[in-house]
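Take a look at the structure below.
So that the names make sense, note that chain A is the first sequence line, chain B the second, and so on, each numbered from 1. Atom set for the values below is all heavy atoms of this structure, side chains included, hydrogens, waters and symmetry mates excluded.
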Number of protein chains: 2
Amino acid sequence: MDISIFAALAERNRFHIVELLREGPLTVGEIAARTGLRQPQASKHLRVLSEAGLVTAQADANRRIYKLRPEPFFELEAWVESCRRIWDDRFNQLDDYLNRLQSQSANPDTKE
Amino acid sequence: MDISIFAALAERNRFHIVELLREGPLTVGEIAARTGLRQPQASKHLRVLSEAGLVTAQADANRRIYKLRPEPFFELEAWVESCRRIWDDRFNQLDDYLNRLQSQSANPDTKE
DNA sequence: AAGGAATATTCTTGTAAAGGAATATTTAAG
DNA sequence: CTTAAATATTCCTTTACAAGAATATTCCTT
């Protein structure tokens with residue numbers, strides 16, 4: 001799991017950009033307008049999103065049309081689904097762990 | 001979608017802690033040992049995870065046993081699944097967008 | 001060729017966050 | 001009551017990042 005997607009989405013404006021792009025490709029100008037960002041900041045955030053692999057740009061003369069790349073979302077989906085174990089099996093119960101703690105007290109050589 | 005989960009997971013060591021906790025609850029000491037962090041840093045990262053709602057602690061005498069909270073993962077799963085539209089319908093194709101751009105050139109009053 | 005529109009980049013500054021070191025707190029044990 | 005173990009907190013320093021302002025780049029139009 002490449003965690004750079006988390007850093008990319010952790011910023012308010014970038015998350016907003018991603019939400020906008022879910023409805024379809026957009027130019028930098030439109031992204032700036034809809035997010036209320038100034039154009040340079042929009043470009044900078046798009047650069048971060050691009051370096052994290054979340055978006056790609058296609059040139060159209062003067063403009064750059066940005067759209068989402070599916071792959072990182074696939075990867076994230078796979079990861080979060082693999083987390084399902086957290087709540088539906090018994091691994092998150094404390095009983096097990098308390099028992100393990102007990103055994104460790106009995107065999108303290110397992111420490112470090 | 002509360003994006004604080006992204007900030008919490010964006011940090012290398014915190015992501016590692018979450019991965020460890022997927023296998024079951026752990027004490028601070030064990031988390032520090034397995035991640036290679038010093039105890040105070042482990043506590044600090046656990047505090048961030050706790051404030052983001054990703055973990056909870058249960059006191060056991062001297063120790064604090066941390067475990068994952070399922071809810072934020074549910075929320076993340078729901079969000080990422082709602083992103084599926086990105087790649088399986090036609091909204092991400094450029095054709096539409098280029099057409100829209102054309103109409104805007106014809107009706108420039110739609111700008112701002 | 002000149003001017004303008006759309007976008008990207010650079011530089012600076014303010015701020016938040018991470019690590020290190022030291023210390024405080026809580027609890028069990030004697 | 002004193003000590004030690006486990007954990008949390010504080011203070012300090014360094015670093016990363018986001019916004020603002022200014023400027024550079026690219027491409028169309030005339």
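- Using a 4.5 Å heavy-atom threshold, the side chains of A/Q39 and A/S43 count as touching.
- Here CG of A/L76 is found 8.0 Å from SG of B/C83. Values are rounded to the nearest 0.5 Å.
- Put simply, CD1 on B/I3 and CE on B/M1 are 8.5 Å apart, with the number rounded to the nearest 0.5 Å.
- Within the model, atoms CG of A/L37 and NZ of A/K44 stand 10.5 Å from one another, a figure rounded to the nearest 0.5 Å.
- To the nearest 0.5 Å, the span separating CG on B/L46 from CG on B/L21 amounts to 7.0 Å.
- As rounded to whole Å, 12 Å separates atom P of D/dA8 from atom CD1 of B/I65.
- Residues from residues 36-46 of chain B that place a heavy atom under 4.0 Å from any atom of DNA chain D, listed by number: B/Q39, B/P40, B/S43, B/K44.
- In this structure, A/D60 atom CG and C/dT7 atom C1' are separated by 13 Å, rounded to whole Å.
- Note that NE2 of A/H16 and CZ of A/R14 are 14.5 Å apart. Values are rounded to the nearest 0.5 Å.
- In this structure, the separation between CZ on B/F15 and CG on A/D2 is 9.5 Å, given to the nearest 0.5 Å.
- Here D/dA16 presents its C1' atom at 13 Å from CD of A/E11, a figure rounded to the nearest Å.
- Between B/R47 atom CZ and C/dT25 atom C1' the separation is 14 Å, expressed in whole Å.
- Judged by Watson-Crick or G-U wobble contacts below 3.5 Å, the nucleotide D/dC27 has C/dG4 as its partner.
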Which atoms of nucleotides 1-5 of chain D (N or O only) lie under 3.5 Å from a protein N or O atom, and what are those distances?
from, atom 1, to, atom 2, distance (Å)
D/dA5, N3, B/N62, ND2, 3.2

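- In the region residues 48-56 of chain A, proximity to DNA chain C at under 4.0 angstrom, judged on heavy atoms, holds for none of the residues.
- Not one side-chain nitrogen or oxygen of B/Y66 sits closer than 4.0 Å to the OP1 or OP2 atom of D/dA6.
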What do the steps show when you test B/R22 against B/E19 for salt bridge (charged side-chain N to carboxylate O under 4.0 Å, His left out), and what is the final call? CA-CA 5 Å; B/R22 284 173 59 177; B/E19 290 287 77; 2.9 Å; yes

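- The pairing partner recorded for D/dT15 is C/dA16, the criterion being a Watson-Crick or G-U wobble arrangement whose two distances lie under 3.5 angstrom.
- As rounded to whole Å, 20 Å separates atom P of D/dC17 from atom CZ of A/F15.
- Following chains of ILVMFWY side-chain contacts shorter than 4.5 Å, one cannot reach A/V48 starting from A/L54, and the two form parts of different hydrophobic clusters.
- Nearest-nucleotide mapping onto DNA chain D: of A/R14 and A/A61, the residue sitting toward the 5' end is A/R14.
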Candidate pair A/F74 and B/R84, rule side-chain contact (heavy atoms from CB on, under 4.5 Å), full reasoning: CA-CA 8 Å; A/F74 272 117; B/R84 277 221 152 260; 3.7 Å; yes

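- Computed from coordinates, the A/L26 CG to C/dA6 P distance equals 15 Å when rounded to whole Å.
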Would A/I5 and B/F6 count as a side-chain contact (heavy atoms from CB on, under 4.5 Å) if you check the C-alpha gap in whole Å, the side-chain angles of each, and the deciding distance to 0.1 Å? CA-CA 8 Å; A/I5 186 176; B/F6 295 127; over 6 Å; no

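- Taking atom CD on A/Q58 and atom P on D/dT26, their separation rounds to 19 Å, with Å as the unit.
- Using a 4.5 Å heavy-atom threshold, the side chains of B/L26 and B/I17 count as separate.
- Computed from coordinates, the B/R64 CZ to C/dA28 P distance equals 13 Å when rounded to whole Å.
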